[in-house]
Structures are given as structure tokens and as C-alpha cells.
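See below for the structure under consideration.
In what follows, chains carry the letters A, B, and so on, assigned in the order in which the sequence lines appear, proteins first and then strands, with residues in each chain numbered from 1.
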Protein chains: 2
Amino acid sequence: MATVIDPASGPREAIMDAAVHLFGKQGFSGTSMRDIAKAVGVLPGSLYAHIASKEAMLVDIVDDGIRRFLDAVRPHIVSGATPAERLRAMVIAHVSVVADNPERSLVVFHQWRFLGDDNIQAAIGKRRDYEQAFIGVIEDGIKSGTFRATLNRRIAVLSILGALNWTPEWLTPNGALSPEEVGGVIADTLFMGLRG
Amino acid sequence: MATVIDPASGPREAIMDAAVHLFGKQGFSGTSMRDIAKAVGVLPGSLYAHIASKEAMLVDIVDDGIRRFLDAVRPHIVSGATPAERLRAMVIAHVSVVADNPERSLVVFHQWRFLGDDNIQAAIGKRRDYEQAFIGVIEDGIKSGTFRATLNRRIAVLSILGALNWTPEWLTPNGALSPEEVGGVIADTLFMGLRG
DNA sequence: TTTGCTAATAAACAAATGTTTGTTATGACA
DNA sequence: TGTCATAACAAACATTTGTTTATTAGCAAA
């Protein structure tokens, strides 16, 4: 019987985890390969048996990170639920992905600038798709009368994504509220606003 | 008659402007002194006749940036207006500071991690003061019945600041709306929420 | 024991980093 | 004219950077 190896337990995964942590905390340029090697407990040159280059690590981290957000949100974009329910589910899904690893989210949101030109363009394209998914749901809600017709769609979406993209700065995986609860509270705040 | 020299026209100001631009675009660690020197049109060593060190530049930029936000918002925190009016004025003031120089705001929001320990603590303290100013106004609004009593104060404030701190990513100084108008729209969105 | 594979080491490379030093050009004022 | 301050240059410094290469240890299967 073939031994079932935990796919997240190899040396490559240990290296990538350390890279996510350090890129999130110190930034891509602020992190040296020696920093990563020290965190893993290995000499710098040893890393290159498992990864191609420093930038290839960033590509992997950002691509994988973006995919997690898209995969988590996608099922709710066009579900049969009402626009308000769909948007709420998208907000909760987004917050859950952040909470799963806030440092990875910091890399996704802030370190993509250090990708090569091709990968930058790909990342910007996916971010635009992501924004468009939110805009679509909001427009559905306006059409159905659930959301205010006087909304500035663009600024509303950018404000929502701003609130969501700021969460890795303060969200702690072990807080009093679960990620789903936090997402629900944020959704309530955005839906109903401040005034009662 | 003494010649009146524009205080923003010296070589030191040119260097600091280039540093703001590059730190905002490439990050502190991603920017070399040679990058800055090239942007100014000078050899690297020449910079040190005008600035003490790379980190001293960052200290100056972040301190000055934080001060701009505090100065812009402070007069509205305890004005005689209603809580809703005060919060609206604070949001508009914040957006106006961002619009004045989005790159400087990016440095303030994301590069403070590269300060020395003492300056990091000082910056965190000022950020806490800033958050507290928004929390205070929201609590006033809850007490006076203007804002929903069911609000989660902390999450509401972090969502507001998230929306505001994301603006340097998309705000362009020459957009169709003035910074004040954008701030007003954001304030409306936050006050009334999405549903009508 | 030998073979073969995985993973790590040790050492070095060229290039880039922040910074310092001694010197030189420029122009205002005496 | 000579003096003085400002600002830049030219060259170098010790370190740190990402990466490569040749070699060695550990261990499972034959």
C-alpha cells in the first residue's frame, strides 16, 4: 500500500509557509532568502532544491491567494438567492478567506507590485473580475429595489472592498467572534449603515 | 530686501518628494538611495548633504503624514455640530488629505513597519488616537439616537477606516468628482448603507 | 552491501546595498 | 579680487543581496 503523504508537510510547504509569513510581515523586498532559510532552519542555498527563485515564490503565493478569494466568492455570485443574501454571503466568504491566513492576504493585497509585468497584468485582471462580481450583485439589488438607486455604484463597491481589504490589519484568527460572525457584522454595517 | 525663497523649492524638498513617490510606489525596502538620486538627477552620495539617512527620510514622511491627518480631522472631532455632521466632516477631511497626495498616504499606511522600534510605537499610538476620535463621535451618535444602538462600534469604525484607507489605491487627484465630493459620497454610503 | 534518491551543506560568485570621504564647481558678497 | 557657503561630483568602503556549484549525509529498496 502506498504511503499517503500529507501534501502540506514537505520541505517545500515549510519554505512557502515561511515566505508567506515573512513577505506579509516585512514585505517582499524587505525579506531576504537568508531570512526565509533561517526561519525554516536551513542554509540559504538549500532553498533552491525546492523553489526556482524568490520571485517564483511570490508568483505562487499571490496566484494561489487570489484563487482562494475567487473560489470562495464565486458560488454566491449567481446563486438563486436575493441580491442582499448573495452580497452577504460574498462578504462572509471574503472575510473567512482573510481569517484563514491574514498574512497571506496582506501579501495578496500589497506585494503584487513586485511581480513581473506579465504577472502584474494577470493579477490586475483578476482583481477587476473580483470587483466586477461585487458591482454586478449591487446592480441586481438596485434593479430589484433592494438597494438605493441613488448609490454611486463604483464608490460603494470600492468602499466595501476597502473595508474588506483592511480586515487583515486587525482580524485575529482567535478573536471573540468567528470569521463568519465578523463577516456578518460587517455586512450588516454596510447594508444598514450607521443611522437606525 | 531679503529674497523670499519658496520653502518648498530647495534640494531637500526635491529629495523628499522623490522619496515619497518611490516609497509609495515601490515600498521602503524596494527603493534604493540610488533610485532616489536618479529621480532627483544627482549622484547617490550627494543626498547625504541634505538628509541624515534613508530611515530618517521615512521618519519624516510618516510623521508629517500622520500629522496631516490629525490636523485635518481634529477641528471636527469636538465641534458643536451633530455627530452625523461631525463624522461627515471627518470623512471628507480624511479623503481630502489622501487626495492631496495619494502616494504619501500609501507610505503612511503601509511603510511605517520599517521604522525603528521607538518610532513604530509612536506611530501606533497616534493611529490609536485617530481611531479613538472616530469611535468617540460614533458613540456620541449612538447616545443621541442618531446612530443605531445595535452597532458594533469597533467593527463599524474599522470598516469606516478600511474604506477610507483604501482610497489611495484608486483615488486620482483629477477625477470627475472633487475630493470633497468623493468624501461626501463615501459618507453617504456609510451613513445610509446600501438598502434604501 | 550496493544503488539511488532526497535533502542538506559549504563555499563562493557578481551585483546591489547604505554610507563616507576628499575634492571641485558655482555664485553671492566683501 | 578673494572669501565663504552651497551643492554637487568621483571614488571607494564594508555588507548584504539572489543565486550557483560541487559535495556530503541519511535512508529505503535491491
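Contacts of B/Glu103 classified as side chain to side chain donor-acceptor pair (under 3.5 Å), with partners at least two apart in sequence or in another chain: B/His21. By the side chain to side chain donor-acceptor pair (under 3.5 Å) test, A/Gln132 pairs with no residue at all, sequence neighbours left out.
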Please list every donor-acceptor pair under 3.5 Å in which a side-chain atom of residues 33-41 of chain B meets a protein atom from a residue at least two apart or in another chain.
from: B/Asp35; atom 1: OD1; to: B/Ser32; atom 2: OG; distance (Å): 3.4
from: B/Asp35; atom 1: OD2; to: B/Ser32; atom 2: N; distance (Å): 3.1
from: B/Asp35; atom 1: OD2; to: B/Ser32; atom 2: OG; distance (Å): 3.4

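In this structure, A/Tyr130 has its ring center under 6.0 Å from that of A/His94. The distance between the ring centers of B/Phe69 and B/Phe109 falls below 6.0 angstrom.
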For A/His76 and A/Leu87: C-alpha separation, side-chain torsions, deciding distance, then whether side-chain contact (heavy atoms from CB on, under 4.5 Å) applies.
CA-CA 8 Å; A/His76 305 109; A/Leu87 183 55; over 6 Å; no

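Taking side-chain N and O atoms only, A/Tyr48 has no distance below 4.0 Å to OP1 or OP2 of D/dT20.
The stretch residues 21-37 of chain A touches DNA chain D through A/Thr31, A/Ser32, A/Met33, A/Arg34, each having a heavy atom under 4.0 angstrom from the strand.
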Could you list all N or O pairs between the protein and nucleotides 4-8 of chain D that sit under 3.5 Å apart?
from: D/dA8; atom 1: OP2; to: B/His50; atom 2: NE2; distance (Å): 3.0

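Below 30°, between 30° and 60°, or above 60°: for A/Phe23 and A/Phe28 the angle between ring planes is above 60°, a perpendicular geometry.
No chain of hydrophobic side-chain contacts below 4.5 Å, direct or via other Ile, Leu, Val, Met, Phe, Trp or Tyr residues, connects B/Trp170 to B/Leu106.
The pair A/Asp60-A/Arg12 meets the salt-bridge criterion, since a charged nitrogen lies less than 4.0 angstrom from a carboxylate oxygen. Ionic pairing of B/Asp64 and B/Arg68 is present here: one or more N-O contacts between side-chain nitrogen and carboxylate oxygen are shorter than 4.0 angstrom.
When DNA chain C is scanned 5' to 3' for any atom under 4.0 Å from a heavy atom of chain B, the first and last hits are C/dT17 to C/dT20.
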